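Below you'll find the structure, written out as structure tokens, and then a few comments.
Predicted model, so just to flag it, every value in this text is computed and none were measured. Residue indices begin at 1 and follow the sequence shown.
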Amino acid sequence: MRFFIDSADVSEIRDLAATGLVDGVTTNPSLIAKSGRDFVEVLREICAIVPGPISAEVAATDTPTMLAEGRYLAGIAENVVIKVPLTPDGLKACRVLTDEGTPVNVTLCFSAAQAILAAKAGARYISPFVGRLDDVGADGLGLIAELVEIYSTYPSFTTEVLVASIRHPEHVVEAAKMGAHVATLPPAVLRTMFKHPLTDKGLEAFLADWAKTGQTILKQPVQGTDDAKPARRRA
Ligand code: E4P
């Protein structure tokens, strides 16, 4: 399963990209608004940080303007993926952009019927919103299971399931069990995935026992780490 970061916060993206776990980024108009920054400037910076697919969403609702916006955004960097809403105009734009060689992420998907249409329109990615479905009492993960099953039934469908609107690590784990191709994670969810109280407790015990041995593995401190600081003070 590939991991995208669902954010337009450049410093968060840079920080998480350094883990080596980030395969791409998704943005949307709400995330751009939250960043308080210029869309194109932010998009350029993100594309330079993460070499994988970076989704940039059009703001228009009619096909001709979606196409003009999509072509402009796609010209910003080679790794831009154009995001269009799952509407008749959005899917028309999806077909044209796809035929021009620009990958498209069809967003705001809430049903299997919609996802079939997106696949037929040639979408590279479909973004089903699990959290927003759960919020209204529907079964977000149930939709992921349906999409994985339907897409795998038809080899001519090359669309990948990009699980979106993720709220917590269990969404990621369950979607991974189903074979979803990609999950786009809010930064806080990715950070939470590292955590387990037994990891913290176990590490604490190992470090305490290691300290009792009085040994060091390296004879010199490594520069640029916290461990190096006491050595620099001593020097
Ligand atoms: C990503 O492409 C979506 O726009 C995003 O995951 C939506 O998440 P939200 O429901 O938390 O806004």
Only pairs under 3.5 Å count here: list side-chain donor-acceptor contacts from residues 45-57, not counting sequence neighbours, and write none if there are none.
residue	atom	partner	partner atom	Å
E45	OE1	R37	NH1	3.1
E45	OE2	R37	NH2	2.6
S55	OG	N105	ND2	3.1

Answer yes when [X] and [Y] have at least one side-chain N-carboxylate O distance shorter than 4.0 Å, and no when they do not.
X: K195; Y: D200; value: no
X: K212; Y: D209; value: yes
X: R191; Y: E12; value: yes

With rounding to the nearest 0.5 Å, note down the distance linking NZ in K83 to OH in Y125.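 Those atoms lie 12.0 Å apart.
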
In Å and rounded to the nearest 0.5 Å, what is the CZ to CD1 distance from F157 to I126?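 Rounded to the nearest 0.5 Å, the CZ-CD1 separation comes to 11.0 Å.
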
Measure from the side-chain N and O atoms of [X] to the backbone N and O of [Y], and report whether any donor-acceptor pair falls under 3.5 Å.
X: R14; Y: D9; answer: no
X: S127; Y: A164; answer: no
X: T107; Y: P85; answer: no
X: D23; Y: R2; answer: no

>> Students often mix this up, so state it plainly: with edges at 30° and 60°, are the rings of H168 and H171 parallel, tilted or perpendicular?
In response: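 H168 vs H171 ring planes: parallel.
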
Non-hydrogen atoms of V42 and S35 that approach each other most closely =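 Heavy atoms only, the tightest pair is CG2-OG, 4.3 Å.
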
Q) Minimum heavy-atom separation for I144 to P128, with atom names? A)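 Looks like CD1-CG, 3.4 Å.
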
key: Under the side-chain hydrogen bond (donor to acceptor under 3.5 Å, both in side chains) test, residues paired with K177 that sit two or more places apart   =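 Here the qualifying residues are E174.
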
| said: Would you say L31 ends up clustered with V130 if hydrophobic residues are merged whenever their side chains have heavy atoms under 4.5 Å apart, either directly or through other cluster members? | reply: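 No, V130 does not connect to L31 through the hydrophobic network.
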
- With hydrophobic residues grouped by side-chain heavy-atom distances under 4.5 Å, do I32 and V10 end up in a single group?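 Result: yes, single cluster for both.
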
Taking side chain as C-beta onward, heavy atoms only, is [X] less than 4.5 Å from [Y]?
X: T199; Y: F194; value: no
X: L147; Y: H181; value: no
X: T184; Y: L162; value: yes

Please indicate whether E149 has more than 12 foreign heavy atoms, meaning atoms of other residues, nucleotides or ligands, lying under 6.0 Å from its CD.
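Counting other residues, nucleotides and ligands, CD of E149 stays at 12 neighbours or fewer.
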
